[in-house]
Novice: 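Pasting in a structure now, in structure tokens, and then I'll have a few things to ask.
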Amino acid sequence: MGFTIQQEAAKVKAARRFQIHADLRDVQLLDCSASVAETRAESEGQLLLGLRLETSVLSSVQGCARFAVRIIVHGDPKEREREQEKHLFEVACRYALQYALKEGYTPSQEELDAFKEGNAVFQCWPYSRELVQNLTLRMGLQMPPMPFLRLAAKPLPKKPAVERAS
């Protein structure tokens with residue numbers, strides 16, 4: 001099991017153009033919140049995990065680009081009632097990532113947007129995995145390690161079948 005971020009081929013190429021001209025310099029935790037249901041039945045077995053991502057470009061000035069990545073992970077027992085609004089647990093963390101840009105390189109908005117939606121999230125994932133693991137353990141939840149995060153190109157849309165006249 002894992003989570004996958006899919007991007008169109010053009011966005012993957014745009015993110016790569018940014019990536020080859022940038023070096024990660026800093027990952028800073030900006031804020032974090034965590035909650036667990038006060039009244040919960042002891043859940044045996046695996047949890048269903050959910051993921052929500054929010055990304056933004058904080059700045060892009062000569063020689064430096066900064067992004068914000070918010071990762072929200074929640075979990076529920078597999079037997080969860082569908083009407084239930086609150087999750088068994090939720091952890092939200094927001095990071096600032098700073099990249100040094102090669103001299104003479106100015107990223108386009110397309111490159112910045114593509115990079116923030118995939119690669120920047122991917123680079124925050126190990127920090128989020130560790131944070132969620134530690135916080136859920138302190139919440140008294142026995143949770144296996146967070147799954148991998150994968151980056152993948154979106155599959156091309158299937159072309160409709162062409163009917164042949166007989």
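One is the number of the first residue; the rest follow in order along the sequence.
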Novice: Using a 6.0 Å cut-off, check whether atom CZ of Phe122 has over 12 heavy atoms from anything other than its own residue.
Specialist: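 Open.
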
Novice: Do Phe3 and Phe148 have ring centroids that are under 6.0 Å from one another?
Specialist: no

Novice: With sequence neighbours excluded, what pairs up with Gln7 under the side-chain hydrogen bond (donor to acceptor under 3.5 Å, both in side chains) test?
Specialist: none

Novice: To the nearest 0.5 Å, what is the distance between CD1 (Ile5) and CZ (Arg150)?
Specialist: 12.0 Å

Novice: Among all residues two or more places apart in sequence or in another chain, which pass the side chain to side chain contact (heavy atoms under 4.5 Å, CB included) test with Ser35?
Specialist: Glu90

Novice: Ignoring hydrogens and angles, write down the donor-acceptor pairs under 3.5 Å from the side chains of residues 52-59, residues two or more places apart or on other chains.
Specialist:
residue: Arg52; atom: NH2; partner: Glu54; partner atom: OE2; Å: 3.4

Novice: State the CG-NE2 distance between Leu48 and His87, to the nearest 0.5 angstrom.
Specialist: 11.0 Å

Novice: Looking at Asp76 and Leu88, would you say the former's side chain and the latter's main chain have a donor-acceptor pair under 3.5 Å?
Specialist: yes

Novice: Shortest non-hydrogen contact from Val73 to Phe89?
Specialist: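 Result for this residue pair: O-CE1, 4.0 Å.
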
Novice: Do any side-chain atoms of residues 14-26 form donor-acceptor pairs under 3.5 angstrom with protein atoms, and if so which ones, sequence neighbours left out?
Specialist:
residue: Arg17; atom: NE; partner: Glu111; partner atom: OE2; Å: 2.8
residue: Arg17; atom: NH2; partner: Glu110; partner atom: OE1; Å: 3.3
residue: Gln19; atom: OE1; partner: Asn119; partner atom: ND2; Å: 2.8
residue: His21; atom: ND1; partner: Arg17; partner atom: O; Å: 2.7

Novice: Can you tell me how far the CG atom of Leu141 sits from the CG atom of Leu47, to the nearest 0.5 Å?
Specialist: 6.5 Å

Novice: Which pairs of donor and acceptor atoms, one on a side chain in residues 60-67, lie under 3.5 Å apart (sequence neighbours left out)?
Specialist:
none

Novice: Report yes if the side chains of Leu149 and Val121 come closer than 4.5 Å at any heavy-atom pair, otherwise no.
Specialist: yes

Novice: What donor-acceptor contacts under 3.5 angstrom involve side-chain atoms of residues 127-135, with partners at least two apart or in another chain?
Specialist:
residue: Ser128; atom: OG; partner: Tyr95; partner atom: OH; Å: 3.4
residue: Ser128; atom: OG; partner: Cys124; partner atom: O; Å: 3.4
residue: Arg129; atom: NE; partner: Met146; partner atom: O; Å: 2.9
residue: Arg129; atom: NH2; partner: Met146; partner atom: O; Å: 2.5
residue: Glu130; atom: OE2; partner: Asn134; partner atom: ND2; Å: 2.3
residue: Gln133; atom: NE2; partner: Met143; partner atom: O; Å: 3.0
residue: Asn134; atom: ND2; partner: Glu130; partner atom: O; Å: 3.4

Novice: Mind jotting down which residue pairs meet the salt bridge (Lys or Arg N to Asp or Glu O under 4.0 Å) criterion with at least one end in residues 91-101? Sequence neighbours excluded, please.
Specialist: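 Qualifying pairs, neighbours excluded: Asp31-Arg94.
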
Novice: Same cluster or not: Tyr99 versus Leu29, using hydrophobic residues (I, L, V, M, F, W, Y) connected whenever any side-chain heavy atoms lie under 4.5 Å apart?
Specialist: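 Same cluster.
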
Novice: For Glu103, what residues pass the side-chain hydrogen bond (donor to acceptor under 3.5 Å, both in side chains) criterion, not counting sequence neighbours?
Specialist: none

Novice: With sequence neighbours excluded, give me every salt bridge (Lys or Arg N to Asp or Glu O under 4.0 Å) pair touching residues 114-126.
Specialist: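 Every salt bridge (Lys or Arg N to Asp or Glu O under 4.0 Å) pair that includes a residue of residues 114-126, provided the two are not neighbours, is Lys11-Glu117.
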
Novice: Same cluster or not: are Leu112 and Val12 linked, directly or through other Ile, Leu, Val, Met, Phe, Trp or Tyr residues, by side-chain heavy atoms under 4.5 angstrom apart?
Specialist: no

Novice: Would you please name every residue forming a side chain to side chain contact (heavy atoms under 4.5 Å, CB included) with Gln6, sequence neighbours left out?
Specialist: Thr4, Ala152, Lys154, Pro155

Novice: Going by heavy atoms in the side chains, are Ile72 and Val91 under 4.5 Å from each other?
Specialist: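 In short, these two side chains do not touch, never coming nearer than 4.5 Å.
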
